[in-house]
Amino acid sequence: MPLVVLVGAQWGDEGKGKLVDHFAGEADVVVRFQGGNNAGHTLVVDDDQVIVHLIPSGILHPDKLCLIGNGVVIDPQVLCEEMDGLRARHYFDDDSRLVISTRAHLIMPYHRRLDLAAENRKGRNKIGTTGRGIGPAYSDKMARTGLRFHHLLDPERLPGLIRAMVAEKNLFLTQVLEEAPLDAEAVVEEFLGYARRLAPYAGDVSKVIEERLDQGHKVLFEGAQGTMLDIDHGTYPFVTSSNTIAGAACTGAGVGPKRIDKVIGISKAYTTRVGGGPFPTELKDEIGARLRERGKEFGATTGRPRRCGWLDIFALRYARRVNGLTEIMITKLDVLTGLDPIRICVGYRCQGRLVEEFPPDLETLERCEPTWEEMPGWQENLAGCRSLEQLPRPARDYVRRIEALTGVPVAAISVGAEREETVVLRHPFEK
Ligand code: IMP
């Protein structure tokens with residue numbers, strides 16, 4: 001089982017970083033393949049909390065190779081700051097541990113400006129983006145006007161390319177959005193600095209992965225955001241601008257689909273969402289507030305409070321299909337301690353009728369009412385549990401019910417923020 005893809009099965013923030021960090025010890029290579037610094041993976045090792053936005057969560061293990069694939073959009077400023085922060089804490093002492101695809105697109109200062117300006121103009125219909133320039137950077141990629149990482153390797157051409165792009169974006173910023181223009185020369189200076197710093201990390205990520213797989217190494221793909229934020233399969237337009245599902249590992253890193261051995265979906269034991277958009281199982285009451293407080297549900301990137309609700313099996317079954325999930329890992333089961341009963345959404349009803357498949361349009365989705373199943377809760381602290389048998393009976397039943405309703409086996413359960421606070425039923429690289 002040398003190639004395992006790990007993706008978010010909900011609206012992001014499922015705790016992928018913690019599990020990637022936990023299992024990275026069993027991998028040789030960890031790869032990011034989509035998204036950018038809209039992601040924020042919170043990792044806790046020996047009480048030391050580290051948040052990474054761009055660099056794969058495998059970086060905290062001293063001997064792992066970390067790759068950033070072509071499908072990621074890279075803000076060089078954020079990348080440099082993240083590298084400095086990790087280096088200062090001795091998590092990144094060896095430069096050869098990071099390779100960045102020459103084909104990855106760059107997030108430019110005008111992308112951030114355009115992201116914020118577009119959101120401000122939307123008023124009530126705001127998507128609630130992270131404001132990191134993600135959407136505008138992917139728009140330029142698709143419009144074939146983006147700058148890519150390999151442009152940083154060509155300091156002769158880089159200034160001309162930046163000047164041309166800034167001139168074009170300034171037209172839009174000043175004439176349409178009535179905003180101040182950017183200073184092209186300042187952007188050129190800034191990017192020549194990044195070019196000097198980042199050029200040594202450039203490489204052909206697809207080739208590196210193939211070589212490593214051919215040598216029998218184990219490769220873990222680390223998804224960002226989650227299935228319901230996928231640009232095609234999520235709750236459009238309240239989504240991010242990349243494909244977040246497992247198939248994106250192929251396009252976002254340059255590997256063939258037949259090379260993937262396992263697709264693991266990560267789901268919280270409940271549901272959260274940041275930003276706008278439909279959320280059928282949302283709890284706007286004291287139970288929701290309690291989940292937010294106990295689960296520390298505040299965005300790792302923007303600090304925004306997350307919306308909280310019960311587990312949505314209907315959405316999870318959809319995630320199983322569009323990702324081809326072979327296993328599920330459940331996070332934050334400990335946060336449900338003390339809630340009794342616990343509810344699970346097992347389907348949606350729209351205008352009195354059971355909905356058969358996850359609806360594509362907001363109008364239907366907003367009219368959907370969850371249908372519920374109730375299960376008894378538990379009062380015990382789960383942090384010390386390391387096997388299924390050590391979980392209180394109702395917690396075990398809850399996990400088994402998730403398996404039965406989704407038809408996907410549960411491979412691990414996270415019972416606390418620390419790397420070791422994990423119940424492992426099946427290791428990712430095990431058959
Ligand atoms: P963008 O990715 O910044 O364009 O934001 C689009 C939507 O995706 C917003 O609702 C964000 O809150 C959400 N989003 C983006 N990245 C993440 C993430 O890593 N976790 C959870 N939500 C995210």
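Counting starts at 1 for both ligands and their atoms, in listed order. Just the heavy atoms: all of them, side chains too, but no hydrogens, waters or symmetry mates, feed the values below. Quick note: residue numbers are just sequence positions, from 1.
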Item to complete: Give the atoms of ligand 1, by number and element, whose distance to some non-hydrogen atom of G128 is under 4.0 Å.
Response: 9 (C), 10 (O), 11 (C), 12 (O)

Fill in: Nearest non-hydrogen protein atom, atom 3 (O) of ligand 1
T130 OG1, 2.6 Å

Worksheet item: Using a heavy-atom cut-off of under 4.0 Å, does the side chain or the backbone of T302 touch ligand 1, or both, or neither?
Response: neither

Discussion item. What I want to know is whether T129 and ligand 1 share at least one N or O pair that is separated by under 3.5 angstrom.
Written reply: no

Worksheet item: If you measure only the distance, is there a donor-acceptor pair under 3.5 Å linking the side chains of D334 and N381?
Response: no

Item to complete: For atom 20 (N) of ligand 1, grab the closest protein heavy atom and report residue, atom and distance to one decimal in Å.
Response: D13 OD1, 3.0 Å

Discussion item. I need the single residue from N38, I134, D115 that forms a side-chain contact (heavy atoms from CB on, under 4.5 Å) with T129. Which is it?
Written reply: D115

Fill in: Per-residue contact class, R132 against ligand 1 - non-hydrogen pairs under 4.0 Å
neither

Discussion item. Taking 4.0 Å as the limit for heavy-atom contacts, which would you say applies to W11 with ligand 1: side chain only, backbone only, both, or neither?
Written reply: backbone

Worksheet item: Applying a strict 4.0 Å limit to heavy atoms, is S241 in contact with ligand 1?
Response: no

Worksheet item: At a 4.0 Å cut-off, with the gap strictly under it, does some heavy atom of R306 reach an atom of ligand 1?
Response: no

Practice prompt. For F298, look at atom CZ and say whether over 12 heavy atoms of other residues, nucleotides or ligands are found less than 6.0 Å away.
Written response: yes

Worksheet item: Could you give the distance from CZ (R401) to CE (M375), rounded to the nearest 0.5 Å?
Response: 7.0 Å

Worksheet item: Rounded to the nearest 0.5 Å, how far apart are CD of E190 and CD1 of I162?
Response: 8.5 Å

Fill in: Numbered atoms of ligand 1 (with element) below 4.0 Å of I127, judged on heavy atoms
6 (C), 10 (O)

Fill in: Numbered atoms and elements of ligand 1 in range of V274, under 4.0 angstrom, heavy atoms
10 (O), 12 (O), 21 (C), 22 (N)

Worksheet entry | Euclidean distance, I266 CD1 relative to E14 CD, rounded to 0.5 Å | 7.5 Å

Practice prompt. Quick one: pull up CE in M83 and CZ in R197 and give me the separation to the nearest 0.5 Å.
Written response: 5.0 Å

Practice prompt. Check each of L229, V73, T301 against atom 13 (C) of ligand 1 and report the one with the nearest heavy atom.
Written response: L229

Worksheet item: Ring centres of Y348 and F358 under 6.0 Å apart?
Response: yes

Practice prompt. Using the salt bridge (Lys or Arg N to Asp or Glu O under 4.0 Å) rule, take E26 and K218 through it: C-alpha gap first, then chi angles, then the decisive distance, then the call.
Written response: CA-CA 8 Å; E26 298 169 26; K218 297 187 185 107; over 6 Å; no

Item to complete: Mark the output for D115 as yes if a heavy-atom distance to ligand 1 is under 4.0 Å, and as no if none is.
Response: no

Discussion item. Could you measure the distance from the CH2 atom of W310 to the CG atom of L336? Nearest 0.5 Å is fine.
Written reply: 7.0 Å

Practice prompt. Consider ligand 1: state whether an atom of it lies below 4.0 angstrom from any non-hydrogen atom of Q225.
Written response: yes

Worksheet, complete the sentence: closest protein heavy atom to atom 6 (C) of ligand 1 is V239 O, 3.3 Å

Fill in: Distance (rounded to the nearest 0.5 Å) between Y318 OH and N323 CG
9.5 Å

Discussion item. Students should be able to answer this: which protein heavy-atom is nearest to atom 12 (O) of ligand 1, and at what distance?
Written reply: R304 NH2, 3.0 Å

Discussion item. I need the nearest protein heavy-atom contact for atom 2 (O) of ligand 1: residue, atom name and distance, please.
Written reply: T240 OG1, 2.6 Å

